[in-house]
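So you know, we letter chains A, B, ... as the sequences are listed, proteins then strands, and number each from 1. Because the structure is a prediction, the values reported are computed rather than measured.
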4 protein chains.
Amino acid sequence: MRIKDESKTDLIFKATLNLVKERGLAGITMNDISKAASIATGTLYIYFKNKEELIKALFLECRTVSVQHYFAGLQEISSFEGRMKRLFINIITYKIAFFEVSAFLEQSYHSPFVCIADLKKKEKALKPLFALVKEGIEAGKLKNADEELIISYLFGIIHEMVKKTYFSGKKLSPETIEQLYDMFWDGVRRQ
Amino acid sequence: MRIKDESKTDLIFKATLNLVKERGLAGITMNDISKAASIATGTLYIYFKNKEELIKALFLECRTVSVQHYFAGLQEISSFEGRMKRLFINIITYKIAFFEVSAFLEQSYHSPFVCIADLKKKEKALKPLFALVKEGIEAGKLKNADEELIISYLFGIIHEMVKKTYFSGKKLSPETIEQLYDMFWDGVRRQ
Amino acid sequence: MRIKDESKTDLIFKATLNLVKERGLAGITMNDISKAASIATGTLYIYFKNKEELIKALFLECRTVSVQHYFAGLQEISSFEGRMKRLFINIITYKIAFFEVSAFLEQSYHSPFVCIADLKKKEKALKPLFALVKEGIEAGKLKNADEELIISYLFGIIHEMVKKTYFSGKKLSPETIEQLYDMFWDGVRRQ
Amino acid sequence: MRIKDESKTDLIFKATLNLVKERGLAGITMNDISKAASIATGTLYIYFKNKEELIKALFLECRTVSVQHYFAGLQEISSFEGRMKRLFINIITYKIAFFEVSAFLEQSYHSPFVCIADLKKKEKALKPLFALVKEGIEAGKLKNADEELIISYLFGIIHEMVKKTYFSGKKLSPETIEQLYDMFWDGVRRQ
DNA sequence: CATGAATGAGACTTCATTCAT
DNA sequence: CATGAATGAAGTCTCATTCAT
């Protein structure tokens, strides 16, 4: 018999992400996905109970993978400032490079597929980020604001830039990233 | 006669905005809208050719009204710093108060309903904002960055905060707005 | 607007009964039903939430109508024997004339559509029959057996005969009915 | 090798009968059957060309086995009355004990799987029963009615009782069987 | 032979749109 | 204009059957 190939899950995920990037979460059908993944419609239902489960699974996968990239290489850096910058660069670089993931996550929040319980888990995944911010505040390096406020500020800057970059069709130069980081940093550092 | 028309259009718009806020643009049907607006399905098609036109019209309406609020009372302020701050407060206050408008606009960008031509007009509507930023740069008050970069920075911060506020279910205190503005301002002012 | 025509429910019911008679409950699709009723598929879903509800509603309708026919004209007859015979004739005549109803009810019992709760209500509908049998027993005219036993005996005889008649393609002559009734009566009367 | 085959066929048959008893013939899939039989779906198709063949084969098997039970021990009884009673008891006892077989046969008649040709063979299998009834009529012991009428009467009584017993969840006591037989016998014997 | 993943036709159901009233 | 029942194309999902291992 053919062995159930878990790499097929990946195939399906990739096809879905590409379609969502192009047409939006609202505009894709199970038929679209199966065709994009070069498999039969019925096969989708071997790997996922229904459309909702497929989207939910993809959502969780995207979030997990995203967060892993965010924190890559961070523990090797000693200075707080270095880690902050590396984190910023990590996030924006990843979100640009894998815009489909970024776009999918964004749209999932407003979809009927992802429930609040799933969203709650996000904060857990971002704990190291909270810790880093807390460390900065306590060390007197960041403004004495609510951690969540600072994190919203961080992601807000990045999200908007990533979107703008994608829709403009241009590349994001290292210089622009540097400029953006400077704005971020000047905004949060204690002055 | 004309008055009756407009009031019904408004009714439809309001119903749609509320539904989108609750279920997302992907999850609403023409039937949902007509029920929420307490009119018959067929009546929708008297006022709008089809679903796409309805969404598009609502999109344009939302954008126009939004921008009007953004710039309200701005010309009465003389100092650049004052106008910048007032603009920031205007935008975030409006987006919080009319989250349904904000959420709808956000989702429309990724929908199959709003085309690129429609989006292009946005920049036109935001011209006064571009002018203000340009003025700040030329006056040496803002960092010497690309105007679009600064505007992305501005909206990024606000969008994220607005979303966070809505989903947390809490109110946004004037103090927090003040804090957020400080971060914004420290990020963009020339230092 | 077109007024929701409750006679359409009847149209759907009749189409369904005919199809079930010909192909069995297992072999019919919503598409089949809509075509047989000369309406669009979607229209079915205006009148019934889904296939299960359609079948269930038809089941209840068939049972109600059947029982009404069983007891027609019974109260005009004074003698117990007369009422018993009239009932027997009523039932077998109705089941032959409306074989589609009879067949549908039979098949519904074994379908995934009709639940036990629905079946329970049957006994309530047949109460007058139980009363008649009880009367006969207490008057010493029927064998002193459990009422349910006697009623099973009654329906068993009829059901089998009705099926046999339909599948043979022949008519059931009054003489044969008479013969069958004699067998029934000799079986139940106290001797 | 051949033995292994037959044991698997049996396994499939038993699984199918159980499922039909629980969910009805309409509600079972090849997947259900394979799971209930603890084999792979593909294996089903080694033993049966397709679903129709499986059901048809099971139908024929059930009928053959049923009839064997009906006539078991009959030739050892000398009196007509004794044989008649034994037959009645045999049939009802078997149908109660193997209700799944009884239910399956009943439902098969109305299914798209069993064709008329298959049904015709039934009468052949029941020839000894026809002979017995004929003997009774000619000996002046049974009413002078059509043999088929008497046989319908016999099976009708039994079928209804068997169904009632199963759905009530209770056991059928020997006394009740005796009572039912008395009703049957009083109904058919010449008086 | 046995397996069960893969297939895709066809079932059930939804929903944008039309139309008779 | 307003209505909402009717439509049917298109979506989601199931399941008998095939096939690579």
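Partners of C/E53 under the side chain to side chain contact (heavy atoms under 4.5 Å, CB included) rule, at least two apart in sequence or in another chain, are C/K49, C/N50, C/K56. Partners of D/S38 by side chain to side chain donor-acceptor pair (under 3.5 Å), not counting sequence neighbours: none found. Applying the side chain to side chain contact (heavy atoms under 4.5 Å, CB included) criterion to B/S111, with sequence neighbours excluded, gives B/L25, B/F113, B/V114. The ring pair (Phe, Tyr, Trp, His ring centres under 6.0 Å) check on A/F99 picks up A/Y166, with sequence neighbours excluded. Taking A/E106 as the reference, B/K163 meet the side chain to side chain donor-acceptor pair (under 3.5 Å) condition, with sequence neighbours excluded. Taking D/T41 as the reference, D/N31, D/S34 meet the side chain to side chain contact (heavy atoms under 4.5 Å, CB included) condition, with sequence neighbours excluded.
Using a 4.0 Å cut-off on heavy atoms, the residues of residues 7-14 of chain C that approach DNA chain F are C/K8, listed by number. If you check residues 32-44 of chain D against DNA chain E, the residues with a heavy atom closer than 4.0 Å are D/I39, D/A40, D/T41, D/G42, D/T43, listed by number.
Whole-Å rounding puts the B/L19 CG to E/dA16 P distance at 12 Å. Atoms CE (A/M30) and P (E/dT7) sit 14 Å apart, rounded to a whole Å. Rounded to whole Å, the distance from CD on D/E52 to P on F/dC15 is 18 Å. Between C/L54 atom CG and E/dT13 atom P the separation is 10 Å, expressed in whole Å. Atom pair B/N31:CG and F/dT7:P shows a separation of 17 Å (rounding to whole Å applied). Taking atom CD1 of residue D/I46 and atom P of nucleotide E/dA2, one finds them 5 Å apart after rounding to whole Å. Rounded to an integer number of Å, the gap from B/I55 CD1 to E/dA16 C1' is 12 Å.
Legend: ring-ring contact (aromatic ring centres under 6.0 Å, His included) pairs involving residues 20-40 of chain B, not counting sequence neighbours: none detected. Applying the ring-ring contact (aromatic ring centres under 6.0 Å, His included) definition to pairs two or more places apart or across chains, none involves residues 14-44 of chain A.
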State the dot-bracket string of DNA chain F. Criteria: Watson-Crick or G-U wobble, both atom distances under 3.5 angstrom; notation: ( ) intrastrand, [ ] crossing earlier pairs, | interstrand, . unpaired.
-> .||||||||||||||||||||
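Residue contacts shown for A/Y47 are limited to sugar-phosphate atoms, with no base heavy atom under 4.0 Å away.
The CD atom of B/E61 sits 10.5 Å away from atom CZ of B/F104, with the distance rounded to the nearest 0.5 Å. Taken to the nearest 0.5 Å, the CZ atom of C/R63 stands 12.0 Å off from the CG atom of C/L58.
Where A/I28 and D/K51 meet DNA chain F, the nucleotide closest to each residue was compared, and A/I28 sits on the side nearer the 5' end.
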Donor-acceptor pairs are to be reported for all side-chain atoms of residues 12-23 of chain D against protein atoms at under 3.5 Å, with residues two or more places apart or in another chain.
{"residue": "D/K14", "atom": "NZ", "partner": "D/D10", "partner atom": "OD2", "Å": "3.2"}
{"residue": "D/T16", "atom": "OG1", "partner": "D/I12", "partner atom": "O", "Å": "2.7"}
{"residue": "D/R23", "atom": "NH1", "partner": "D/D32", "partner atom": "OD2", "Å": "3.1"}

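Listed candidates were E/dT13, F/dT18, E/dT17. Nearest to the side chain of B/Y45 is E/dT17. Nearest nucleotide to the D/T29 side chain, out of E/dT13, E/dC15, F/dA16: F/dA16.
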